[in-house]
Amino acid sequence: MTVVTRFAPSPTGFLHIGGARTALFNRFYARRYGGKFLLRIEDTDRARSTEAAKQAILEGLQWLGLEWDGEPVYQSARAERHAAVARALLDAGGAYRCYCSPEELAAMREAARKRGGGRLYDGTWRDRDPAEAPEDVAPVVRLKAPLDGETVIDDAVQGRVAVRNDQLDDMVLLRADGTPTYMLSVVVDDHDMDITHIVRGDDHLTNAFRQTQIYRALGWEAPAFAHIPLIHGPDGAKMSKRHGALGIEAYRDMGFPAEAVCNYLARLGWSHGDDEIFSMTEAAGWFDLKDIGRSPARFDLAKLTSLSAHYIREMADTRLAGLIEPPLAARLGAPLTALQRARLVAGLPGLKPRARTLVDLAEAALFYCRPRPLQPDAKAAKLLDGAGRERLALARAALAGIAGWSAESAETAVRAAAEAAGEKLGALAQPLRAALTGSTVSPGIFEVLDVLGKAESLGRIDDSLERAAG
RNA sequence: GACCCCAUCGUCUAGCCAGGUCAGGACGUCACCCUUUCAAGGUGAAAACACGGGUUCGAAUCCCGUUGGGGUCACCA
């Protein structure tokens, strides 16, 4: 049997962190067993589904690198098939028409609450003679669910879970307007798409019982279920808009590389021994449902950030440059010139270990690309006053005499100048840093000198010297 | 409220199924080292089996209960 998994988001909002992880696990599982990973857009709620949300989901998946197999299936396009299945079930006696009014239903719900649980729907029309049907009421179609016994699902994550059938009522399959409900559509689609494993959030666990009853009524074999615990916000509460439930693109915009987000998400609820940092290919090779935990996890931005820093450090310079060029150009107000790009790539090795996100990195890289004269920040400006200016002049003189410009030769020259002046290296390095970068924080100063080149370096130093003099 | 699920450092987790380890790792925190700033890196430290009963020579591991957290209870998906 070929494994077929699916991710089935409803396009009523962005792709959130939990959905992304669900998609990731489904993809891992399909890859692990050489199967297929399908995408189904559950857009049957026309009132709430939006084109923008659909795009956000597709783009989010693509950004994360979670490509699906084949074309996405749109649930709304299959409504006629869903309804036909329900009508066939009706003809076979596995379902019936119910003419209850919303008021009657509300009363039943109230009665059930007073009773302290159990079935909501009291079965009024289950065995009633259809001849008694009121003529002016459009009926819904309900499943004739089993009254006693229990419905059991053997969940790959949760284990065997059983619910007594007297807790489950006759769910609506077809609305009064003839459109199928979610519960029916999901079952028909999963069946028609040959889904073998349904990996989804814990919040669907109770739906699994209802769906199992539909499968049974239809005489279809249910797929295997794996209900993964939800991701909670940092405070332990359910992820909601108030509690850090952002769209995946928000994390992209915060500067987290996609591989860091994937790696982080993979470790939330799933583990492979003590492995923390791994590629998605490795994870797919290791992945199995039995290694998914049963308890919910809290979202921890600090750990994501540390993974982000790791992937930035490890990333190839040219690729990294490509990722931060757009925001850099935006800050500069112009596209990068070849010279700026060359300096950027050359400066990246020193910049990388100092950045935690791509946003940090772009910000820190700005000084390599800024045109002269640089505008020093307040702390840097202070380093260029009085004594600092004199030491800077000392450093300039030492630098100006260098024949073969390199990080090493610059270091030799500046160290010698510091020693001659009876100063510590830092006394010359900090003013130099302020002049060269406009800041008090930067990569190693000799590396900066090297990347900038002799002419640009001396030019920036002179800019500072002149500013301090004037 | 009813039904269902869960419970190891602050967080993510290994260990649990097939009881015997100083309960391991990672993030974060703290200290020290390195050092031209800031990072990175290195070394080290503090930090957990929710509670109560069993079963057993022995329980984080098996059983029951309590407490705490979570999910679901629509003609939404």
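Below, chains carry the letters A, B, ... as their sequence lines are ordered, and counting in each starts from 1. Only a predicted model underlies this, so the values are computations on that prediction, with no experimental measurement involved.
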> For nucleotides 17-20 of chain B, print each protein N/O atom paired with a nucleotide N/O atom at under 3.5 Å, atom names and distance only.
none

> Could you tell me how far rG53(B) sits from rU61(B) if I compare only their P atoms? Round to whole Å.
14 Å
> If you assign Lys352(A) and Ser10(A) each to the RNA chain B nucleotide with the nearest heavy atom, which residue ends up on the more 5' nucleotide?
Lys352(A)
> Here's a test of your reading of the structure: between Thr179(A) and Gly350(A), which maps to the more 5' nucleotide of RNA chain B?
Gly350(A)
> Rounded to whole Å, how long is the line connecting atom CG of Leu105(A) with atom P of rA74(B)?
10 Å
> Under 3.5 Å for both donor-acceptor distances, Watson-Crick or wobble: does rU21(B) have a partner, and if so which one?
none
> Only counting residues at least two apart or in another chain, list the ones meeting ring pair (Phe, Tyr, Trp, His ring centres under 6.0 Å) with Tyr264(A).
Phe299(A)
> For rA7(B), give the paired nucleotide (Watson-Crick: N1-N3 plus N6-O4 or O6-N4; G-U: N1-O2 and O6-N3; both under 3.5 Å), or none.
rU67(B)
> Measure from the side-chain N and O atoms of Arg389(A) to the backbone N and O of Leu465(A), and report whether any donor-acceptor pair falls under 3.5 Å.
yes
> Please list all pairs meeting ring-ring contact (aromatic ring centres under 6.0 Å, His included) that have one or both residues in residues 174-193 of chain A, counting only residues at least two apart or in different chains.
His191(A)-Trp220(A)
> Pick the P atom in rU11(B) and in rA48(B), then give their distance to the nearest Å.
12 Å
> Leu205(A) and side chain to side chain contact (heavy atoms under 4.5 Å, CB included): which partner among Ile228(A), Ile153(A), Val163(A)?
Ile153(A)
> Restricting to pairs with a member in residues 348-359 of chain A, which pass salt bridge (charged side-chain N to carboxylate O under 4.0 Å, His left out), not counting sequence neighbours?
Asp317(A)-Lys352(A)
> Within less than 4.0 Å of OP1 or OP2 of rG70(B), is there a side-chain N or O belonging to Arg294(A)?
no
> Please give the distance between the C1' atoms of rC3(B) and rU13(B) as a whole number of Å.
30 Å
> Atom CG of residue position Asp148(A) - does it have more than 12 heavy atoms of other residues, nucleotides or ligands inside 6.0 Å?
no
> Just how far, in rounded Å, is P of rC5(B) from CD of Gln167(A)?
12 Å
> How far does the C1' atom of rC64(B) sit from the matching atom of rA59(B), given to the nearest Å?
15 Å
> Where the side chain of Leu120(A) is defined as all heavy atoms beyond and including C-beta, which of rG28(B), rA74(B), rA40(B) is the nearest nucleotide?
rA74(B)
> Tell me: CE of Met171(A) to P of rA77(B), nearest whole Å?
14 Å
> If I take atom CG in residue Leu230(A) and atom P in nucleotide rA77(B), what distance separates them, rounded to the nearest angstrom?
19 Å
> Once you apply a heavy-atom cut-off of 4.0 Å, does Arg109(A) come out as touching a base, just sugar-phosphate, or nothing?
sugar-phosphate
> Please list each protein N or O that sits under 3.5 Å from an N or O in nucleotides 35-38 of chain B, with the distance.
from    : atom 1 : to        : atom 2 : distance (Å)
rU36(B) : OP1    : Arg415(A) : NH2    : 3.3
rU36(B) : O2     : Arg433(A) : NH1    : 3.4
rU36(B) : O2     : Arg433(A) : NH2    : 2.8
rU36(B) : N3     : Ile445(A) : N      : 3.4
rU37(B) : O4'    : Gln430(A) : OE1    : 3.1
rU37(B) : O2'    : Thr440(A) : O      : 3.3
rU37(B) : N1     : Arg433(A) : NH1    : 3.3
rU37(B) : O2     : Thr440(A) : O      : 3.4
rU37(B) : O2     : Ser442(A) : N      : 2.9
rU37(B) : O2     : Ser442(A) : O      : 3.3
rU37(B) : N3     : Arg433(A) : NH2    : 3.1
rU37(B) : N3     : Ser442(A) : O      : 2.6
rU37(B) : O4     : Arg354(A) : NH2    : 3.3
rU37(B) : O4     : Arg433(A) : NH2    : 3.4
rU37(B) : O4     : Ser442(A) : O      : 3.4
rU37(B) : O4     : Gly444(A) : N      : 3.2
rC38(B) : O2     : Arg354(A) : NE     : 2.6
rC38(B) : N3     : Arg354(A) : NE     : 3.0
rC38(B) : N3     : Arg354(A) : NH2    : 2.7
rC38(B) : N4     : Arg354(A) : NH2    : 3.2

> Hey, does the side chain of Arg391(A) reach the backbone of Ala418(A) with a donor-acceptor pair shorter than 3.5 angstrom?
no
> Measure from CG on Leu307(A) to C1' on rA40(B) and round the result to the nearest Å.
16 Å
> Taking atom C1' in both rU8(B) and rA60(B), compute the distance separating them and give it to the nearest angstrom.
7 Å
> Could you please name the partner base of rU36(B), counting Watson-Crick and G-U wobble pairs only when both distances are under 3.5 Å?
none
> Identify, residue by residue, the members of residues 199-211 of chain A with a heavy atom below 4.0 Å from RNA chain B, and return them in order of residue number, or none.
Asp202(A), Asp203(A), His204(A), Leu205(A), Thr206(A), Asn207(A)
> Provide the distance between the two P atoms, one in rG10(B) and one in rU55(B), to the nearest whole Å.
32 Å
> When rounded to the nearest Å, what value does the distance between P atoms of rG68(B) and rC32(B) take?
43 Å
> May I have the distance from Leu361(A) (atom CG) to rA40(B) (atom P), rounded to whole angstrom?
14 Å
> Kindly write out the residues that satisfy salt bridge (Lys or Arg N to Asp or Glu O under 4.0 Å) with Asp202(A), not counting sequence neighbours, or none if the list is empty.
none
> Give every pair of a protein N or O atom and an N or O atom of nucleotides 10-14 of chain B that lie under 3.5 Å apart, one pair per line with the distance.
from    : atom 1 : to        : atom 2 : distance (Å)
rC12(B) : OP1    : Arg298(A) : N      : 2.9
rC12(B) : O2'    : Arg267(A) : O      : 2.8
rC12(B) : O2     : Lys303(A) : NZ     : 3.3
rU13(B) : OP1    : Gly269(A) : N      : 2.5
rU13(B) : O3'    : Ser271(A) : OG     : 3.3
rU13(B) : O2'    : Arg267(A) : NH2    : 3.3
rA14(B) : OP1    : Ser271(A) : OG     : 2.8

> Quick one: salt bridge (charged side-chain N to carboxylate O under 4.0 Å, His left out) pairs with a partner in residues 6-18 of chain A, sequence neighbours left out?
Arg6(A)-Asp190(A)
> Can I get a per-line list of side-chain donor-acceptor pairs under 3.5 Å for residues 409-416 of chain A, giving both atom names and the distance, sequence neighbours left out?
from      : atom 1 : to        : atom 2 : distance (Å)
Ser409(A) : OG     : Gly404(A) : O      : 2.7
Ser409(A) : OG     : Ser406(A) : N      : 2.9
Ser409(A) : OG     : Ser406(A) : O      : 3.1
Ser409(A) : OG     : Ser406(A) : OG     : 3.2
Glu411(A) : OE2    : Arg415(A) : NE     : 2.9
Glu411(A) : OE2    : Arg415(A) : NH2    : 3.0
Thr412(A) : OG1    : Glu408(A) : O      : 2.9

> Touch check for Arg356(A), heavy atoms < 4.0 angstrom, all strands: base, sugar-phosphate only, or nothing?
nothing
> Using a 4.0 Å heavy-atom cut-off to protein, can you give one letter per nucleotide of nucleotides 43-50 of chain B, 5' to 3': B if the base is in contact, S if only the sugar-phosphate is, - if neither?
--------
> With side chain to side chain donor-acceptor pair (under 3.5 Å) as the rule and sequence neighbours excluded, what pairs involving residues 435-447 of chain A come up?
Arg433(A)-Ser442(A)
> I'd like to know if the side chain of His82(A) pairs up with that of Asp189(A) as donor and acceptor (distance under 3.5 Å, no hydrogens or angles considered).
yes
> Distance between the C1' atoms of rG70(B) and rA18(B), in whole angstroms?
30 Å
